[in-house]
Structures are given as C-alpha cells and as structure tokens.
Chemist: 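Can you read through this structure? Questions will come right after.
One-based numbering, in listed order, for ligands and for the atoms of each.
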Amino acid sequence: MSAIAPSASALDSTASAPVRHDWTVEEVRALFERPFAEVLFRAQQVHRAHFDPNEVQVSTLLSIKTGRCPEDCKYCPQSVRWNTGLDEEALLPVEVVRDAARKAREAGSQRFCMGAAWRRPKDRQIDRVIELIEAVREEGLETCLTLGMLTAEQAERLREAGLDYYNHNLDTSPEYYEEIITTRTYQDRLETLEHVRASGMKTCCGGIVGMGETRDDRAGLLVQLANLPEHPQSVPINQLVRVPGTPLDDVEALDPLEFVRTIAIARILMPAARVRLSAGREDMSDEMQALCFLAGANSVFYGDRLLTTGNPDVDADRALFERLGIHSDGLSADP
Ligand code: SAM
Ligand code: DTB
Ligand code: SF4
C-alpha cells in the first residue's frame, strides 16, 4: 500500500487542463506511487488530446566529433577520463555528413541530429558546424545539434543558420546531479537552455534514468523539465546504456515498468511535447517498447547507431511499427 495520498489534481483533471509550469516534487512523487494502470490511462488521455496516438516521429543521430571530451559525465563513453576503447574522430568533413543525412532521409528519417563531444564549442567550430547545418537542410531534413554549452551569441548564430532544434539535457535531478557530473553545474545547463529559447530555436531537453538514482530523483528531473519557462518541444528519456569502462558500467538495471512509468509521467506533465523513447532500446523487448508508446512516447532515434553505441536497425523498427500499426510521416510502406 502506498503511504502517499492519491494526487487528485494530477490524475483527475480533464485532458484539456491548462499546461502547467508549477509542479511540485511531492505531487509528482504521488503520481509515481499511483497504480500503474491509473498512470497509463491518464497518460493516454493526455496523449490522445494532443497527438495522433499511432504516429511516431523519427530522427537519426550522427556523432560529428567523437571522444576526448574534457567533461566527467559518469555515464558517457566519450569522456577522456574513462577508458572505453572508443575510436576518436575529429570533426567530420561536410561531404561525409551530407552523405549520412541523405542515407537517413532515404531510410525515412525526418530529422538529423548531430552530436559533438565538446564541453562548449569555440566560435570557429560554430563556423564549421554552420556548414553542416546547411548541407543537412539541402538534403531536406530537419536539423538538430548537441554541442555542449552555448553562449547567447552562438545560439543566435545557429538559429540564423536555420537550425531547428538544440539538444541539451538536464540529465537527472538537481540533487543527484553532483554524483554524476562535477565539471559543469545544473545552473550552466539552465543558462544554455535559456540562450536556446531566447534565440527562438526549439529545445530538445530530457535526461537519463537507470543511473542508480531514486524515484524521487526521477520525479525531480521531470519537475525541472516541466517547470522550465516553456516545455521543451522534444523530451528525450534515455535509459542508461551501460558502457564498459565508464563508472556506471555495473549499476543495477532499472525495473522496465519503472521506465514505462517515467515515460507516462513525462507525458502527463508535458502534454504537447514529443516524448522521445531515446537511448537504451537495444536492451528493451518489443513488448516494453509497445508499453512506452502506450504511455505516450511518440518519437524515437531511428538508425542502427546512436552516437557511439548501438540502436535497433531500421528493419527491426519497421517491423515493430508494422506490428503495432504505428506510422511515421517519413516512413512509406515500402523501404
Ligand atoms: N557533449 C554534449 C553535451 O553533453 O551536452 C553533447 C553530446 S552528449 C553525448 C548528449 C547526451 O547524450 C547527454 O546529455 C546524455 O544525456 C546522453 N548520453 C550520453 N551517454 C549516454 C549513455 N551511456 N546512456 C544514455 N544516454 C547517454
Ligand atoms: C539524447 O538525449 N540522447 C542522444 C541524443 N540526445 C544526443 C544520445 C544518446 C547517446 C547514447 C550513448 C552513445 O551512443 O554514445
Ligand atoms: Fe562530454 Fe557530452 Fe559525454 Fe559529457 S555527455 S562527457 S559533455 S560528450
């Protein structure tokens, strides 16, 4: 039996309830304590009020600069501090990126997300990245970048170059954060997000679960995301990919139903956001992914690589979508 009283306001409000930015950790913790079926039902109501529940958006990732990152993120295979045996790579030439974008579009992807293992880009690196944005746009894809911290001026330059989304995650709750990263603060992250919003670009911001955090930390992360001045248009919920050599390699796996619950509560708190079932899908059964879609996830990474680790191949995803009757605007019936 749960010791925490049911949250009437969170579960009983109508699907057209106003979008809120004033959630408390206590309210969200109470949501986590509710029976699974109640949380899923509510998430589905909210999902159906804002989206076609059978439609999923798909994005393809490419690591444009790999490894030797000075930051100490304990989950990340690209930190220079951990010995993960990664093949390092300098910033990719524009034609390599253009080819990868073209292939992604031909496979049915809608958005091309480029990630760089930087703490923060230098202005001359922004010049190079702008060429990449232009090439990906020419291939007819939406664009997304994740380069680390940005100044207001850099965000403005990226928006002027036509960048659609900037990804910058909060990763976990403010309380657990210092266990995971010491080389940049939560406040640093909030400031970069502010620069992205001020520039007029769309924000992609979420976190990672399964890093040994508590349920309160998962609630705390979701509250931080939902109480941003605007909800991120895209909210990636990553399940930790445990990479040998990183300090989190041997952390205990999260209960899959707790992951699904986290997706459902992200959907309830951020009704109009794309909730992305992100990293970790290779470790999930088809049934678990189906539950995540029922819980309100409506975007995924598509293509057999994330940044440096694996992701289900496109044939497996097409087959799963077919079995579930899910469609995506980018994916036609035939490959
Ligand atoms: N270096 C930039 C930064 O951290 O802002 C951009 C690239 S970084 C790899 C992008 C995001 O990938 C991180 O914020 C983290 O949420 C996610 N990520 C990295 N390693 C992961 C892992 N092993 N499992 C799940 N997500 C991971
Ligand atoms: C996000 O939230 N997840 C993606 C994307 N944004 C950049 C990255 C996942 C990385 C997983 C580990 C790897 O492949 O290196
Ligand atoms: Fe560097 Fe980003 Fe990895 Fe942290 S998550 S080590 S900042 S690449």
Chemist: Return yes when Gly148 approaches ligand 1 closer than 4.0 angstrom through a heavy atom, no otherwise.
Modeler: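 In this structure, Gly148 qualifies as a contact of ligand 1 - some heavy atom is under 4.0 Å.
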Chemist: On a heavy-atom basis, which atom in Ala155 and which in Met201 lie closest, and how many Å separate them?
Modeler: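 Heavy atoms only, the tightest pair is O-CE, 3.5 Å.
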Chemist: If we ignore angles and hydrogens, is there a donor and acceptor under 3.5 Å between the side chains of Asp249 and Thr246?
Modeler: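 The criterion, which ignores hydrogens and geometry beyond distance, is not satisfied for Thr246 and Asp249.
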Chemist: Short N/O distance, under 3.5 Å, between Thr309 and ligand 2?
Modeler: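 Yes.
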Chemist: Do Trp82 and Leu86 belong to the same hydrophobic cluster, where Ile, Leu, Val, Met, Phe, Trp and Tyr are linked whenever their side-chain heavy atoms lie under 4.5 Å apart, directly or via other members?
Modeler: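 Hydrophobic grouping puts Trp82 apart from Leu86.
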Chemist: Between Ser278 and ligand 2, is there a nitrogen or oxygen pair with a distance under 3.5 Å?
Modeler: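 For ligand 2, there is no N or O atom that lies under 3.5 Å from one belonging to Ser278.
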Chemist: Give yes if a backbone or side-chain nitrogen or oxygen of Thr308 is under 3.5 Å from a nitrogen or oxygen of ligand 2, and no if not.
Modeler: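 Yes, there is a polar N/O contact under 3.5 Å.
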Chemist: Looking at ligand 1, would Arg184 count as a contact under a 4.0 Å heavy-atom criterion?
Modeler: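 Yes.
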Chemist: Can you name the atoms of ligand 3, numbered from 1 with element, that are less than 4.0 Å from a heavy atom of Cys73?
Modeler: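 Taking each heavy atom of Cys73 in turn, ligand 3 has 4 (Fe), 5 (S), 6 (S), 7 (S) under 4.0 Å.
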Chemist: Can you classify the ring geometry of Phe293 versus Phe321 as parallel (below 30°), tilted (30 to 60°) or perpendicular (above 60°)?
Modeler: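 Phe293 vs Phe321 ring planes: perpendicular.
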Chemist: Please state which option from Leu61, Asn311, Asn238, Thr146 has its nearest heavy atom closest to atom 1 (C) of ligand 2.
Modeler: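 The residue whose heavy atom sits nearest atom 1 (C) of ligand 2 is Asn238.
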Chemist: Heavy-atom distances under 4.0 Å are what count here, so tell me which part of Ile208 touches ligand 1: side chain, backbone, both or neither.
Modeler: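 For Ile208, only side-chain atoms sit under 4.0 Å from ligand 1.
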Chemist: Can you pull out the closest protein heavy atom to atom 24 (N) of ligand 1? Residue, atom name and distance to 0.1 Å, please.
Modeler: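 I find the closest protein heavy atom is Val241 N, 3.0 Å.
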Chemist: Note the single closest protein heavy atom to atom 6 (C) of ligand 1, along with its residue, its atom name and the distance in Å.
Modeler: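 The closest heavy atom on the protein side is Thr146 OG1, 3.1 Å.
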Chemist: Measure from atom 1 (Fe) of ligand 3 to each N, O or S atom of Cys76 and report whether any distance is below 2.8 Å.
Modeler: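 Looking at Cys76, which is the residue asked about, there is no N, O or S atom under 2.8 Å from atom 1 (Fe) of ligand 3.
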Chemist: To check you understand the geometry: which heavy-atom pair defines the closest contact between Leu147 and Pro121, and what is its length?
Modeler: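 Heavy atoms only, the tightest pair is O-CD, 3.5 Å.
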Chemist: To the nearest 0.5 Å, tell me how far Arg197 CZ sits from Thr192 OG1.
Modeler: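 One gets 10.5 Å once the value is rounded to the nearest 0.5 Å.
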Chemist: Can you name the closest pair of heavy atoms from Gly210 and Leu240 and give their distance?
Modeler: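 The answer is O-CD2, 3.5 Å.
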Chemist: Can you name the atoms of ligand 1, numbered from 1 with element, that are less than 4.0 Å from a heavy atom of Trp118?
Modeler: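 Here the atoms of ligand 1 in question are 1 (N), 2 (C).
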Chemist: Testing the basics here: between Pro174 and Gly220, what is the closest heavy-atom pair and its distance to 0.1 Å?
Modeler: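 Closest pair (atom of Pro174, atom of Gly220, distance): CD-O, 4.4 Å.
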Chemist: For Asn83, does the CG atom sit with more than 12 other heavy atoms under 6.0 Å from it, leaving out its own atoms?
Modeler: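 Result for CG/Asn83: open.
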Chemist: Please check if any side-chain donor atom of Asp123 sits under 3.5 Å from a side-chain acceptor atom of Gln154, or the reverse.
Modeler: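 There is such a pair between these side chains.
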Chemist: Going by the order shown, which atoms of ligand 1 are within less than 4.0 Å of some heavy atom of Leu307?
Modeler: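 This gives 9 (C) as the contact atoms.
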Chemist: Is atom 1 (N) of ligand 1 less than 4.0 angstrom from at least one protein heavy atom?
Modeler: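 Yes, there is a protein heavy atom closer to it than 4.0 Å.
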Chemist: Any idea which protein heavy atom is nearest atom 6 (N) of ligand 2, and the distance to it?
Modeler: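 For atom 6 (N) of ligand 2, the nearest protein heavy atom is Asn167 OD1, 3.3 Å.
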Chemist: Regarding Gln44 and Arg267, is there a side-chain donor-to-acceptor distance under 3.5 Å anywhere?
Modeler: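 The answer is no; no qualifying pair exists.
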Chemist: State if Asn169 counts as touching ligand 2 under the rule of any non-hydrogen atom under 4.0 Å.
Modeler: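 It does, in that a heavy atom of Asn169 comes within the 4.0 Å cut-off of ligand 2.
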Chemist: Tell me, with the steps shown, if Glu134 and Arg137 meet salt bridge (charged side-chain N to carboxylate O under 4.0 Å, His left out).
Modeler: CA-CA 5 Å; Glu134 286 163 357; Arg137 281 165 56 89; over 6 Å; no
Chemist: Counting each atom of ligand 3 from 1 as listed, which ones have a heavy atom of Ala117 under 4.0 Å away?
Modeler: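 In order of number, 8 (S).
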Chemist: What I want to check is whether the side chains of Ser299 and Arg111 have a donor and an acceptor closer together than 3.5 Å.
Modeler: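 No, Arg111 and Ser299 have no side-chain donor paired with an acceptor closer than 3.5 Å.
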Chemist: Relative to the heavy atoms of Pro236, which atoms of ligand 2 are at a distance of less than 4.0 Å?
Modeler: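 What qualifies from ligand 2 is 2 (O).
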Chemist: Which of the numbered atoms in ligand 1 are below 4.0 angstrom from a heavy atom of Ala279?
Modeler: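 Here the atoms of ligand 1 in question are 25 (C).
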Chemist: Pairs of nitrogen or oxygen atoms closer than 3.5 Å, one from Asn167 and one from ligand 1: do any exist?
Modeler: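 No, no N or O pair falls under 3.5 Å.
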Chemist: Where on Thr309 is there a heavy atom closer than 4.0 Å to ligand 1, on the side chain, on the backbone, on both, or on neither?
Modeler: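 Thr309 to ligand 1: no contact under 4.0 Å from either part.
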Chemist: Where's the contact between Thr246 and ligand 1, heavy-atom distance under 4.0 Å: side chain, backbone, both or neither?
Modeler: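 No part of Thr246 comes within reach of ligand 1.
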Chemist: If you scan the protein for heavy atoms around atom 8 (S) of ligand 3, do you find one that is closer than 4.0 Å?
Modeler: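 Answer yes: something from the protein, a heavy atom, is under 4.0 Å.
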Chemist: For atom 13 (C) of ligand 1, which protein heavy atom lies nearest, and how many Å away is it?
Modeler: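 I find the closest protein heavy atom is Tyr75 OH, 3.8 Å.
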Chemist: Kindly confirm or rule out an N or O of Leu307 lying under 3.5 angstrom from an N or O of ligand 2.
Modeler: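 Looking only at distances, the answer is yes, because the N/O contact criterion of under 3.5 Å is met.
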Chemist: Among all protein heavy atoms, pick the one closest to atom 1 (Fe) of ligand 3 and tell me residue, atom and distance.
Modeler: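 Going by distance alone, atom 1 (Fe) of ligand 3 is nearest to Cys69 SG, 2.3 Å.
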Chemist: What protein heavy atom lies closest to atom 11 (C) of ligand 1? Include the residue and the distance to one decimal.
Modeler: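 It is Asn169 ND2, 3.8 Å.
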Chemist: Would you say Asp72 and Thr182 are linked by a side-chain donor-acceptor pair, where the criterion is simply a distance under 3.5 Å?
Modeler: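 Yes.
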Chemist: For the residue pair Arg42 and Gln45, confirm or rule out a side-chain donor-acceptor distance under 3.5 Å.
Modeler: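 Short answer, yes.
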Chemist: In the protein, which heavy atom is nearest to atom 4 (C) of ligand 2, and how far is it?
Modeler: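 I find the closest protein heavy atom is Phe301 CE1, 3.7 Å.
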Chemist: Which ligand 1 atoms does His168 reach within 4.0 Å, using its non-hydrogen atoms?
Modeler: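 By the 4.0 Å cutoff, the relevant atoms are 5 (O).
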Chemist: Within a distance under 4.0 Å of any heavy atom of Arg184, pick out the atoms of ligand 3 and give their elements.
Modeler: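 Once the distances to Arg184 are compared, the set is 7 (S).
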Chemist: Group every Ile, Leu, Val, Met, Phe, Trp and Tyr by side-chain heavy-atom contacts under 4.5 Å, then state whether Ile126 and Tyr165 land in the same group.
Modeler: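 Shared cluster, no.
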Chemist: Counting each atom of ligand 1 from 1 as listed, which ones have a heavy atom of Ala116 under 4.0 Å away?
Modeler: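 The atoms of ligand 1 under 4.0 Å from a heavy atom of Ala116 are 1 (N), 2 (C), 6 (C), 7 (C).
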Chemist: Please identify which of these residues, Arg218, Lys74, Arg184, Arg189, meets the salt bridge (charged side-chain N to carboxylate O under 4.0 Å, His left out) condition with Asp171.
Modeler: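 Between Asp171 and the candidates, salt bridge (charged side-chain N to carboxylate O under 4.0 Å, His left out) is satisfied uniquely by Arg189.
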Chemist: Does a side-chain N-to-carboxylate-O contact under 4.0 Å join Asp99 and Arg102?
Modeler: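 Answer for the salt bridge query: yes.
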